[in-house]
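Report on the following structure.
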Amino acid sequence: MKKLLCISLILFVFACASDPQKEMEKAIVGEWCNPYTYQSTGELKGFNFKKGGVCEAINIPSLELKSWEIKDGYLIVKGFEVTEDGSKTEYATKEKIGQLTTDSLCLVVQEANPRLAFLYLNSKVIKERVNAQK
């Protein structure tokens, strides 16, 4: 009986120690690209989420991104949008993380009908899974 109690207590401690938000933050670090853009143009366009909350746009000259964070299941990205004349305006998005795996990231922009979501694939697997039109 004591062994069962000890095992239950240990499992409870591990369950409480797991922080889903921290796990999401670890999983999102890396390069994420739009598979539809890659399929139609052969270009990798998307986001590079770095440790410490630093974010960069990949092949999107109109975005000068600075930071990212996950809060309450939402991905928040901030930076600047750069116009053709070089002027900058603040840029910020807050999109719900619908799904996050090692290979794919689905961001829900609009929950209501029609539901609008963006799919990104990890740049490590996109070339294996998507055939680019050349």
Side-chain angles (χ1 to χ4, degrees):
M1 182 70 172
K2 285 184 179 182
K3 287 183 181 180
L4 182 60
L5 182 59
C6 286
I7 291 172
S8 298
L9 184 60
I10 290 170
L11 291 174
F12 177 75
V13 168
F14 280 117
C16 291
S18 174
D19 182 354
Q21 184 160 316
K22 291 289 183 196
E23 295 302 316
M24 287 175 110
E25 289 172 358
K26 287 180 188 176
I28 206 167
V29 170
E31 293 183 357
W32 298 92
C33 297
N34 184 306
Y36 307 108
T37 302
Y38 178 71
Q39 182 180 30
S40 63
T41 67
E43 290 182 282
L44 292 175
K45 290 189 177 200
F47 306 96
N48 185 3
F49 301 110
K50 297 181 177 185
K51 289 181 182 178
V54 175
C55 182
E56 296 176 343
I58 299 171
N59 294 324
I60 308 173
S62 61
L63 291 179
E64 187 178 295
L65 301 179
K66 299 293 182 189
S67 66
W68 68 272
E69 67 176 313
I70 295 176
K71 188 172 184 180
D72 300 324
Y74 286 85
L75 174 63
I76 301 166
V77 177
K78 295 180 181 177
F80 298 97
E81 192 166 6
V82 182
T83 61
E84 288 184 18
D85 68 2
S87 62
K88 297 179 184 180
T89 57
E90 282 191 38
Y91 174 87
T93 64
K94 180 180 179 183
E95 298 163 339
K96 184 176 177 133
I97 299 172
Q99 180 181 11
L100 175 59
T101 68
T102 56
D103 296 341
S104 64
L105 168 63
C106 179
L107 299 175
V108 179
V109 179
Q110 178 177 309
E111 292 279 350
N113 286 338
R115 186 171 193 252
L116 181 60
F118 292 118
L119 174 66
Y120 297 95
L121 294 180
N122 192 299
S123 65
K124 295 176 184 174
V125 301
I126 195 168
K127 291 179 181 180
E128 299 169 6
R129 298 193 180 169
V130 179
N131 293 323
Q133 303 292 324
K134 295 182 181 188

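Side chains are part of it too, since the values below use all heavy atoms of this structure and drop only hydrogens, waters and symmetry mates.
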Path from [X] to [Y] over hydrophobic side-chain contacts below 4.5 Å:
X    : Y   : answer
I97  : W32 : yes
F118 : M24 : yes
V29  : V54 : no

Is there a side-chain contact between [X] and [Y], using heavy atoms and a 4.5 Å cut-off?
X   : Y    : answer
I28 : L105 : yes
E25 : W68  : yes
V82 : P61  : no
E90 : F80  : yes

S87 and D85: side-chain donor and acceptor closer than 3.5 Å?
yes
Under a plain distance cut-off of 3.5 Å, with no hydrogens placed, do T37 and T41 share a side-chain donor-acceptor pair?
no
For L44, is there any backbone N or O sitting under 3.5 Å from a side-chain donor or acceptor partner on N59?
yes
When rounded to the nearest 0.5 Å, the distance separating NZ of K96 from SG of C106 is 11.0 Å
Just do the side-chain contact (heavy atoms from CB on, under 4.5 Å) check on R129 and D103 with the steps written out, would you?
CA-CA 10 Å; R129 298 193 180 169; D103 296 341; 2.7 Å; yes
The single option from K127, Q133, E43 passing side-chain contact (heavy atoms from CB on, under 4.5 Å) against Y38:
K127
side-chain contact (heavy atoms from CB on, under 4.5 Å) for L65 and V77? Distances and angles first, verdict last.
CA-CA 7 Å; L65 301 179; V77 177; 3.9 Å; yes
Nearest heavy atoms of Q21 and K71, plus distance in Å
OE1-CA, 4.0 Å
